[in-house]
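Keep in mind that the numbers below use all heavy atoms, side chains included, and drop hydrogens, waters and symmetry copies. Count residues from 1 along the sequence.
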Amino acid sequence: MTVTRRAVLAAMMATALAFGAGAAQAQQRAERVKFTTSAGSFTIEVYPDAAPQTVANFLEYVNSGFYSGTIFHRVINGFMVQGGGFDRDMKQKPTRAPIPLEAQNGLKNKAGTVAMARTADPNSATAQFFINVVDNPSLDYPQPDGFGYAVFGKVIEGMDTVGRIKSVPTTAYGPMRNVPATPIVIESATIVKP
């Protein structure tokens, strides 16, 4: 093998390695969303590689300002805290069309992870999300109904805020149970740099 051919092969290998490292870094640079609430702030990291439609849908709601003024309307200590659908007067905000369920992505409903809320219809998630405050394997695919709940992110800063939210006193509001007695308001949700 000539010196020139060796040099070309070495350059090609270096380029391939650099590209591979760059791709790995890009994959690791997931979007982050900071939520500022009346109980403090927390930041979540989302995983588009695992749940592309779910993350795209969630970020559309974030970018449109949809979550500002919504509340955590369902809080169950020892289970999860759910928000992103109702205003402080417990009026449900209109949403875009539901998205397909992406629960078969390998991500588990562990403490601190963020998943989409839905009805009994597996493909009914819109804007509401929940944060698991404990490991909830019963929500993973396949659960007894065969579907599970799609995890798409994780709280990476501010679990102390989530801890405050999960511990608030709750009450009933009409047919709804586990509603914080004092509203926990999402003041803003914004994309932040990693």
Side-chain angles (χ1 to χ4, degrees), residues 23-24 26-35 37 42-64 66-67 70-86 92-159 161-163 165-166 170 175-179 184 186 189 191-192 194:
Q27 212 171 23
Q28 291 170 356
R29 278 197 300 264
E31 298 258 27
R32 294 179 178 180
V33 177
K34 180 177 182 180
F35 282 83
T37 80
F42 61 89
T43 300
I44 70 169
E45 185 173 74
V46 295
Y47 305 124
D49 290 346
Q53 293 181 77
T54 305
V55 168
N57 175 69
F58 177 73
L59 293 178
E60 277 190 56
Y61 281 112
V62 169
N63 286 324
S64 71
F66 178 90
Y67 291 119
T70 62
I71 61 170
F72 281 91
H73 64 276
R74 187 171 175 233
V75 170
I76 305 174
N77 198 352
F79 184 40
M80 57 91 225
V81 299
Q82 180 176 332
F86 291 82
Q92 192 162 8
K93 291 183 75 170
T95 62
R96 294 190 312 276
I99 57 171
L101 180 68
E102 293 182 308
Q104 297 183 48
N105 61 20
L107 300 178
K108 304 297 183 189
N109 284 274
K110 295 192 171 290
T113 59
V114 186
M116 291 306 294
R118 62 172 177 80
T119 66
D121 175 354
N123 299 307
S124 61
T126 54
Q128 292 182 40
F129 62 91
F130 62 90
I131 302 169
N132 291 289
V133 299
V134 296
D135 291 352
N136 286 313
S138 66
L139 302 182
D140 294 337
Y141 172 84
Q143 66 170 152
D145 69 4
F147 301 114
Y149 289 78
V151 173
F152 67 94
K154 182 172 185 173
V155 176
I156 57 167
E157 292 174 15
M159 272 306 283
T161 296
V162 177
I165 296 169
K166 75 175 185 179
T170 60
M176 297 184 74
R177 302 288 178 265
N178 308 301
V179 179
I184 305 294
I186 296 173
I191 294 176
V192 294

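Taking the side chain as every heavy atom from C-beta outward, Val179 and Thr170 never approach each other to under 4.5 Å. For the pair Ile131 and Val114, the minimum side-chain heavy-atom distance is below 4.5 Å. A 4.5 Å side-chain heavy-atom check between Val192 and Thr43 finds at least one atom pair inside the cut-off. Counting only heavy atoms from C-beta outward, the side chains of Phe152 and Asn105 never approach each other to under 4.5 Å. Between Arg118 and Pro98 there is no side-chain heavy-atom pair separated by less than 4.5 Å. Proximity of Ile71 to Ile184: side-chain heavy atoms (C-beta onward) are nowhere separated by under 4.5 Å.
In terms of modelled atom types and a separation under 3.5 Å, the side chain of Asn109 and the main chain of Val151 share no donor-acceptor contact. With Gln128 contributing its side chain and Gln82 its backbone, the two residues share no donor-acceptor pair below 3.5 Å. Checking side-chain atoms of Ser124 against main-chain N and O of Thr119 turns up a donor-acceptor pair under 3.5 Å. Checking side-chain atoms of Asn136 against main-chain N and O of Ser138 turns up no donor-acceptor pair under 3.5 Å. Side-chain atoms of Asn132 do not come within 3.5 Å of backbone N or O of Met80 as any donor-acceptor pair.
The side-chain contact (heavy atoms from CB on, under 4.5 Å) with Lys166 is formed by just one residue from the set Ile76, Thr161, Val133; it is Val133. Phe58 pairs in a ring-ring contact (aromatic ring centres under 6.0 Å, His included) with only one of the listed residues (Tyr67, Tyr47, Phe66), which is Tyr67. Applying the side-chain contact (heavy atoms from CB on, under 4.5 Å) test between Asn57 and each of Thr95, Thr126, Val62, Ile99 identifies Ile99 as the sole match.
Atom OG1 of residue Thr54 and atom CE of residue Met116 lie 7.0 Å apart, to the nearest 0.5 angstrom. Here CZ of Arg74 is found 6.0 Å from CZ of Phe79. Values are rounded to the nearest 0.5 Å. A distance of 12.5 Å separates NZ of Lys110 from CG of Leu139, quoted to the nearest 0.5 Å. In this structure, OG1 in Thr113 is found 8.5 Å from CG in Leu107, a value given to the nearest 0.5 Å.
Residues Phe72 and Phe35 keep their aromatic ring centres 6.0 Å or farther apart.
The pair Glu45-Arg32 meets the salt-bridge criterion, with a side-chain N (NZ, NE, NH1 or NH2) lying under 4.0 Å from an Asp/Glu carboxylate O.
The neighbour count for Lys93 NZ, taken as heavy atoms of other residues, nucleotides or ligands under 6.0 Å away, is above 12. The number of heavy-atom neighbours closer than 6.0 Å to NZ of Lys154, taken from other residues, nucleotides and ligands shown, is 12 or below.
Pro137 is linked by a side chain to side chain contact (heavy atoms under 4.5 Å, CB included) to Asp135, Asp140, counting only residues two or more places apart in sequence or in another chain. Arg96 meets the salt bridge (charged side-chain N to carboxylate O under 4.0 Å, His left out) test with Glu60; sequence neighbours excluded.
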